[in-house]
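Before any comments, here is the structure.
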2 protein chains.
Amino acid sequence: MALITDARLPLHIRVRDELLRRISDRIWTAGEALPGEDRLAAELSISVGTMRKVIQSLVQEGVLERVHGKGTFVTSAFERTSMLRFVRFRGPGENTLPKATILQLTTKKASGEIASKLQLKPGASVIYMHRSRSYDDEVVLVEHIWLSHKRFSKLLPYLQTESPPLLYPVYDSVCGVLVHRAIDELEMDSISSEDAKVFDVPVNSSCMRIERVMHDHAGDVVEWRVSFVPANRFHYTVEIR
Amino acid sequence: MALITDARLPLHIRVRDELLRRISDRIWTAGEALPGEDRLAAELSISVGTMRKVIQSLVQEGVLERVHGKGTFVTSAFERTSMLRFVRFRGPGENTLPKATILQLTTKKASGEIASKLQLKPGASVIYMHRSRSYDDEVVLVEHIWLSHKRFSKLLPYLQTESPPLLYPVYDSVCGVLVHRAIDELEMDSISSEDAKVFDVPVNSSCMRIERVMHDHAGDVVEWRVSFVPANRFHYTVEIR
DNA sequence: CAGTGGTCTAGACCACTCC
DNA sequence: GAGTGGTCTAGACCACTGA
């Protein structure tokens, strides 16, 4: 087995790219153990020390997880990336996921803004989804989601019959798209008339607006999403080091 | 030179503790280069590889910074921890710091809540500071800050004549307290009558409330701070991986 | 027990910075 | 050129997991 990328790059970078490629290509899937570090190193003709260093850096980034005595596993990063980390949990049990309701699901031509966010040509075919998340019929989150139709065409028939609480695992299992890294931008806003009906609160109530650009392992944009959380439901904790 | 901590712990943990102790004790100060990794390893009678691993982990955490060919330096983590990362910059130049105005500075007996946050006994002596931050006389941030009087007594005379834009470097230089790690909790709130006057906006205007607990390298609580940002000035970007 | 990751060492060679 | 960190190797030994 040979490494593909530019031989002028440091070896650990090239090995890292190779491992990420295998994860992207689903050669190794979430929950499955990778080969041992010694066998991986032998396969790529590098030293075990270098392989360890690469694996450690991917563990640091949350791509892999290691368990002493058991093995190295691909992380399913879905909890970490859930929008629910911005929502204050009360009422029902701590670990219950809120019910997802798809309010609208259509295919459109991308406007200039959406094309730009998704790195597509203006007019390209995109999927738009309007979705609410609720606990005991109290809506805590509303999402407006845009996806490339080309990459997510299999999603449409799937969502005719299903309304799963988490979408990212579905992107993975149905469309073969594994999400990796997101950038969230938070601002305070007021609720639009459209979403006010969904939340059942007055128009212009105070809320948080969370704009997310989600990337895959290759760094390409996978999804653009704008979410709204009512003021009294918003809560966010962050550690700075 | 011998390591102090429990010899049953892994060596890299003990070395890490030793390095952090030296930073806490100001044996190495911000901006100054540490000895080379080979000399450090020799001094502590460990291999260079292990020393490298420890240093790398502290770089990862933001405690140290390395520059190829120059050396390893203690990070001055003040930009990273500034509350201004929650404030949207417009108007004036990008890199100008807003003017700080101390509105109130007193010594009090800690209430139960404040004592609990600062890990002090109720009734212990604490410093309370009420401070505003403004660009061109537009207030963008108001802070309510509590500190242990015992640890920060030197701050009071200093702040009689100075109103520095950043406090953490002052904690370091005047009181010998080096901040390290903070936990911020964000919620949406409305502006109190007291702060409404400072911001010159109506009472109950929408704002972000940011509660911060700041720790030092030893993990002890250094400061408790509650800050408010008006809705139109709040902006926050976060990357999830 | 075999297989996995975790710890630690010793040393070679390269690349960058500053004098 | 001297000193720094960056890359890479080779191998020993330990600790945890599961059959």
Side-chain angles (χ1 to χ4, degrees), chain A residues 1-20 22-23 28-75, chain B residues 1-20 22-23 28-75:
Chain A
M1 179 61 212
L3 292 170
I4 295 167
T5 49
D6 192 332
R8 290 169 301 183
L9 290 169
L11 190 49
H12 67 271
I13 301 285
R14 301 174 63 210
V15 172
R16 177 198 152 87
D17 288 346
E18 172 62 19
L19 298 194
L20 282 176
R22 293 186 186 188
I23 294 165
W28 299 322
T29 60
E32 185 189 353
L34 273 58
E37 55 189 25
D38 50 352
R39 266 182 287 162
L40 278 175
E43 187 206 344
L44 298 176
S45 308
I46 62 168
S47 77
V48 181
T50 301
M51 183 52 79
R52 278 191 68 77
K53 184 179 165 186
V54 172
I55 291 174
Q56 293 292 6
S57 84
L58 291 174
V59 168
Q60 191 69 38
E61 293 176 43
V63 177
L64 298 176
E65 286 173 325
R66 310 195 91 176
V67 183
H68 195 168
K70 297 181 78 169
T72 303
F73 304 85
V74 178
T75 310
Chain B
M1 180 60 211
L3 292 168
I4 295 167
T5 49
D6 192 332
R8 289 169 302 185
L9 289 169
L11 191 49
H12 68 269
I13 301 286
R14 302 174 63 210
V15 173
R16 177 198 152 86
D17 288 346
E18 173 62 18
L19 299 193
L20 281 176
R22 294 189 185 187
I23 294 165
W28 300 322
T29 61
E32 185 189 353
L34 273 56
E37 55 190 25
D38 50 353
R39 267 182 286 161
L40 278 175
E43 186 206 345
L44 297 176
S45 308
I46 63 168
S47 76
V48 181
T50 301
M51 183 53 77
R52 278 191 69 78
K53 184 180 165 187
V54 171
I55 291 174
Q56 293 290 7
S57 84
L58 291 175
V59 169
Q60 191 68 38
E61 293 176 42
V63 177
L64 297 176
E65 286 173 323
R66 310 195 93 178
V67 183
H68 195 169
K70 298 181 77 171
T72 303
F73 305 85
V74 177
T75 310

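Lettering follows sequence order; numbering is per chain, from 1.
Qualifying side-chain hydrogen bond (donor to acceptor under 3.5 Å, both in side chains) partners for A:Glu32, counting only residues two or more places apart in sequence or in other chains: A:Thr29.
Phosphate proximity of D:dG5 to B:Thr72: present, with a side-chain N or O under 4.0 Å from OP1 or OP2. OP1 or OP2 of C:dT9 has at least one side-chain nitrogen or oxygen of B:Thr50 nearer than 4.0 Å. Dashed line: the shortest gap from a side-chain N or O of B:Arg66 to OP1 or OP2 of D:dG6 is under 4.0 Å. The phosphate of D:dG6 has OP1 or OP2 within less than 4.0 Å of a side-chain N or O from B:Arg52. Contact annotation: A:Gln56 does not reach the phosphate of C:dG5 (side-chain N/O to OP1 or OP2, under 4.0 Å).
Here the CG-CG distance, from A:Leu20 to A:Leu58, works out to 5.5 Å after rounding to the nearest 0.5 Å. Note that CD1 of B:Ile46 is 10.5 Å distant from CZ of B:Arg14, once rounded to the nearest 0.5 Å.
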B:Glu43 vs B:Arg39, salt bridge (Lys or Arg N to Asp or Glu O under 4.0 Å): CA-CA, chis, key distance, verdict: CA-CA 6 Å; B:Glu43 186 206 345; B:Arg39 267 182 286 161; over 6 Å; no

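Without hydrogens or angle criteria, A:Thr72 side chain to A:Leu34 main chain gives no donor-acceptor distance under 3.5 Å.
Summarising the geometry, the separation between NZ on A:Lys53 and P on C:dT7 is reported as 17 Å, rounded to the nearest angstrom.
At the heavy-atom level, B:Glu65 lies nowhere under 4.0 Å from the strands shown.
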N/O contacts under 3.5 Å, protein versus nucleotides 15-19 of chain C?
unit_1 : atom_1 : unit_2  : atom_2 : d
C:dA15 : N3     : B:His68 : NE2    : 2.8
C:dC18 : OP1    : B:Lys70 : NZ     : 3.1

Within the sub-3.5 Å range, which N or O atoms of nucleotides 10-13 of chain C have a protein N or O partner, and how far apart are they?
none

For residues 48-57 of chain B, please give each side-chain donor-acceptor pair under 3.5 Å, one per line with the distance, not counting sequence neighbours.
unit_1  : atom_1 : unit_2  : atom_2 : d
B:Thr50 : OG1    : B:Ser47 : OG     : 3.2
B:Arg52 : NH1    : B:Glu37 : OE1    : 3.0
B:Arg52 : NH1    : B:Glu37 : OE2    : 3.0
B:Ser57 : OG     : B:Val54 : O      : 2.9

